[in-house]
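Order of the sequence lines fixes the chain letters, A, B, ..., with proteins taken first and strands second; residue numbering starts at 1 for each chain.
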Amino acid sequence: MGLLEQKRHFSVNLLDWYMVNRRDLPWRRHNNPYFTWVSEIMLQQTRVDTVIPYFNRFIGNFPTVQALAEAPEEEVLKNWEGLGYYSRARNLQAAARQVMELHGGEMPQDKQAVFALKGVGPYTAGAILSIAFNQSQPAVDGNVMRVLSRYFLIDEDIMKGSTRVLMEELAGELIPEGRARDFNQALMELGALVCTPKAPHCLTCPVMEHCSGRIAGRELTLPVKTKAKPPRPEQRLVAIVEGRGAHRGRVLVRQRPATGLLARMWELPHVLAAPAAAGKAAGPLADEPAMALLAGSLWAEGFAARPEGLATHAEHVFSHIVWSLQVYKCTEQDQSNELPLIAAEARAAYDAQASAKEITAPAQASEPGITDAANILGSLDEQGEPLSVFAASSSAHDVATGKGDGLTYRWIGPEDMDKMAFPNIFLKLITSYFAGSYEQQSEELN
DNA sequence: AAGCCGGGGTC
DNA sequence: GACCCAGGCTT
């Protein structure tokens with residue numbers, strides 16, 4: 001069989017299969033370009049089953065490009081909470097504003113204009129143009145590259161940019177005249193349901209007959225893909241600071257910087273325990289130095305708190321970092337008299353830790369506004385008196401640290417949770433705290 | 001070209 | 001517990 005026939009067999013049989021087997025998904029019920037767009041952004045790196053409830057809620061809250069463009073950013077972020085890759089949400093809203101200003105609120109149909117939207121790359125541009133407007137443009141994602149690499153036995157590393165370009169040329173040739181909308185979705189549907197990564201269902205595949213990969217017995221070794229390097233471990237100390245007095249029933253949280261990891265998300269205060277040695281985990285820190293270090297960290301940020309004891313351990317895995325979290329229950333203190341003591345304790349604890357583990361030069365802070373232990377100690381040296389936050393008691397529960405590059409801190413109760421976006425790990429920890437799950441630990445210590 | 005960006009699934 | 005799923009942006 002020649003290549004032309006093999007291609008034709010693929011296109012015809014795949015399209016026929018899709019028209020029978022296509023899943024009924026919320027964004028497939030209309031050819032609304034906005035729905036297509038939102039779904040494609042959500043589906044990046046995210047499974048269909050996970051996306052469905054998010055998509056329905058998002059469209060319910062932001063039914064049009066205009067509604068999305070005019071929404072407060074924190075509301076958009078809250079609707080993205082738990083989906084991950086939060087820059088997708090920020091870019092999506094920025095792009096909605098682009099569509100309002102440049103295109104009168106209507107999704108552009110021009111390839112260059114679509115591609116120019118924030119968060120829209122080669123794949124998403126192709127998906128929007130083909131699915132929403134039935135334009136004959138390839139939409140090559142991981143599913144498509146897996147399917148094509150197997151069917152045509154392509155040995156190129158799919159992590160390389162040049163391979164994606166090659167795949168786009170091929171995918172474009174395969175689109176039947178006037179059928180881009182269904183065909184591109186068919187390609188991805190096959191990858192998701194039949195030509196799966198680990199155990200492809202070749203026996204029920206509509207194009208198995210002329211699949212070069214299967215015929216060569218290569219279906220399990222394709223696609224060729226370089227492995228990602230393992231995530232670096234980080235040991236972090238987390239504080240659940242229980243408010244007292246005016247802050248009774250509340251817990252201290254802070255908002256992350258506008259860029260970088262988990263941008264603008266809220267979190268419990270935490271600190272890098274110690275710089276990990278090259279390629280090795282730092283390992284857990286003993287409770288006593290950990291608590292002193294945490295107290296020192298909070299002090300450096302302008303808060304007096306006394307760690308009471310370990311509440312729980314937690315782990316949070318990113319694609320490039322693994323956080324091992326030691327979570328300590330702390331109580332807010334009257335600031336003035338406690339601080340020098342806390343600072344001294346932190347200094348002693350750090351010195352002990354440093355000599356025990358032969359920590360040499362402190363690493364620079366990897367994230368703006370988020371200090372590691374060494375930087376905290378540095379700040380203890382520089383600052384002879386409490387930060388201005390103690391003098392300026394704000395009217396509500398909002399608190400600024402008094403530092404130019406400082407983060408925003410806030411004392412929150414359970415009712416505040418539905419307006420603020422948290423990464424899942426902190427959502428779980430705070431929810432558990434408000435549910436009383438850590439009561440027992442703290443009582444044991446009292 | 002390589003690193004940065006989450007979260008969840010399977011086996 | 002080990003392994004898998006990867007688009008777009010930034011540098």
Q. Can A/R22 and A/E189 be counted as an ion pair, charged N to O under 4.0 angstrom?
A. no
Q: Determine the contact category for A/I41: base if any of its heavy atoms lies under 4.0 Å from a base atom, sugar-phosphate if only primed atoms, P, OP1 or OP2 are that close, otherwise nothing.
A: nothing
Q) Is the number of heavy atoms from other residues, nucleotides or ligands within 6.0 Å of CD (A/E173) greater than 12? A) yes
Q: Give a yes-or-no answer on whether the side chains of A/Q326 and A/Q235 include a donor-acceptor pair shorter than 3.5 Å.
A: yes
(Q) Are there over 12 heavy-atom neighbours, none belonging to A/R8, within less than 6.0 Å of that residue's CZ? (A) no
Q | Contacts of type salt bridge (charged side-chain N to carboxylate O under 4.0 Å, His left out), residue A/R88, not counting sequence neighbours | A | none
Q: Report the residue (A/A199 or A/G84) whose heavy-atom-nearest nucleotide on DNA chain B is the more 5′ of the two.
A: A/G84
Q: Return the residues of residues 144-152 of chain A meeting this criterion: a heavy atom under 4.0 Å from some atom of DNA chain C. Order them by number, or give none.
A: A/R146
Q) In this structure, are over 12 heavy atoms from other groups packed under 6.0 Å from A/K7 atom NZ? A) yes
Q. Would one find a side-chain N or O of A/H320 under 4.0 angstrom from OP1 or OP2 of B/dC4?
A. no
(Q) Would you say CD of A/E415 has more than 12 non-hydrogen atoms from neighbouring residues, nucleotides or ligands within 6.0 angstrom? (A) yes
(Q) Under a 4.0 Å threshold between the charged nitrogen and the carboxylate oxygen, would A/D157 count as salt-bridged to A/K160? (A) no
**Q.** Flag for A/S87-A/R90: side-chain donor and acceptor within less than 3.5 Å
**A.** no
Q | Inter-residue atom distance A/Q6.CD - A/Y151.OH, 0.5 Å rounding | A | 4.5 Å
Q. In whole angstrom, what separates A/K160's NZ from C/dA6's P?
A. 18 Å
Q) Distance between the P atoms of C/dC5 and B/dC5, in whole angstroms? A) 22 Å
Q: May I ask you to evaluate whether A/H316 reaches the phosphate of B/dG7, defined as a side-chain N or O under 4.0 Å from OP1 or OP2?
A: yes
Atom pairs and distances, donor-acceptor, side-chain atoms in residues 119-137 of chain A, under 3.5 Å, two or more places apart:
unit_1: A/Y123; atom_1: OH; unit_2: A/E40; atom_2: OE1; d: 2.5
unit_1: A/T124; atom_1: OG1; unit_2: A/Q44; atom_2: NE2; d: 2.8
unit_1: A/S130; atom_1: OG; unit_2: A/G126; atom_2: O; d: 2.7
unit_1: A/S130; atom_1: OG; unit_2: A/A127; atom_2: O; d: 3.3
unit_1: A/S130; atom_1: OG; unit_2: A/N184; atom_2: ND2; d: 3.0
unit_1: A/N134; atom_1: OD1; unit_2: A/A180; atom_2: N; d: 3.3
unit_1: A/N134; atom_1: OD1; unit_2: A/R181; atom_2: N; d: 2.7
unit_1: A/N134; atom_1: ND2; unit_2: A/G178; atom_2: O; d: 3.1
unit_1: A/Q135; atom_1: NE2; unit_2: A/Q109; atom_2: O; d: 2.8
unit_1: A/Q137; atom_1: OE1; unit_2: A/K111; atom_2: NZ; d: 3.2

Q) Any donor-acceptor pair under 3.5 Å joining the side chain of A/Y85 to the base of C/dA6? A) yes
(Q) How many whole angstroms separate atom CD1 of A/I158 from atom P of C/dC4? (A) 12 Å
Q: Grab the CE-P distance between A/M159 and C/dG8 for me, whole Å please.
A: 13 Å
Q: Check the distance between C/dA6's P and A/N143's CG and give it to me in whole angstrom.
A: 6 Å
Q. What about A/F62 and A/F58, are their ring centers closer than 6.0 Å?
A. yes
Q) Taking the side chain of A/S319 as heavy atoms from C-beta outward, which of C/dA6, B/dC4, B/dG7 is closest to it? A) C/dA6
Q: Report the distance from atom CG of A/N91 to atom C1' of C/dT10, rounded to the nearest whole Å.
A: 12 Å
(Q) Between C1' on B/dC4 and CH2 on A/W323, what's the gap in Å once rounded to a whole number? (A) 14 Å
Q) Tell me, which pairs form a salt bridge (charged side-chain N to carboxylate O under 4.0 Å, His left out) where one or both residues lie in residues 78-87 of chain A, sequence neighbours left out? A) A/K78-A/E81
Q.
Classify A/G161 by what it touches in the nucleic acid, base, sugar-phosphate, or nothing, heavy-atom distance under 4.0 Å.
A. nothing
Q) Base, sugar-phosphate alone, or nothing: which one does A/V317 contact when heavy atoms must sit under 4.0 Å apart? A) base
Q.
Whole angstroms only, please: what is the NZ-P distance between A/K428 and B/dG6?
A. 15 Å
Q. Expressed in whole Å, how much space separates the P atoms belonging to C/dT11 and B/dG6?
A. 15 Å
**Q.** N/O (side chain, A/Y86) to phosphate O (OP1/OP2, B/dG7) under 4.0 Å
**A.** yes
**Q.** Of residues 42-52 of chain A, the positions that come close to DNA chain B - non-hydrogen atoms, cut-off under 4.0 Å
**A.** A/Q45, A/T46, A/R47
Q.
I'd like the P distance from C/dA6 over to B/dC11, given in whole Å.
A. 15 Å
Q) Below 4.0 angstrom from OP1 or OP2 of C/dC5, is there any side-chain N or O of A/K198? A) no
Q. In whole Å, what is the span from the CH2 atom of A/W80 to the C1' atom of B/dG7?
A. 13 Å
Q.
Using a 4.0 Å cut-off on heavy atoms, which residues in residues 125-142 of chain A reach DNA chain B? List them by number, or say none.
A. none
Q | Which residue lies more 5' along DNA chain B, comparing A/E81 with A/K229 via nearest heavy atoms | A | A/K229
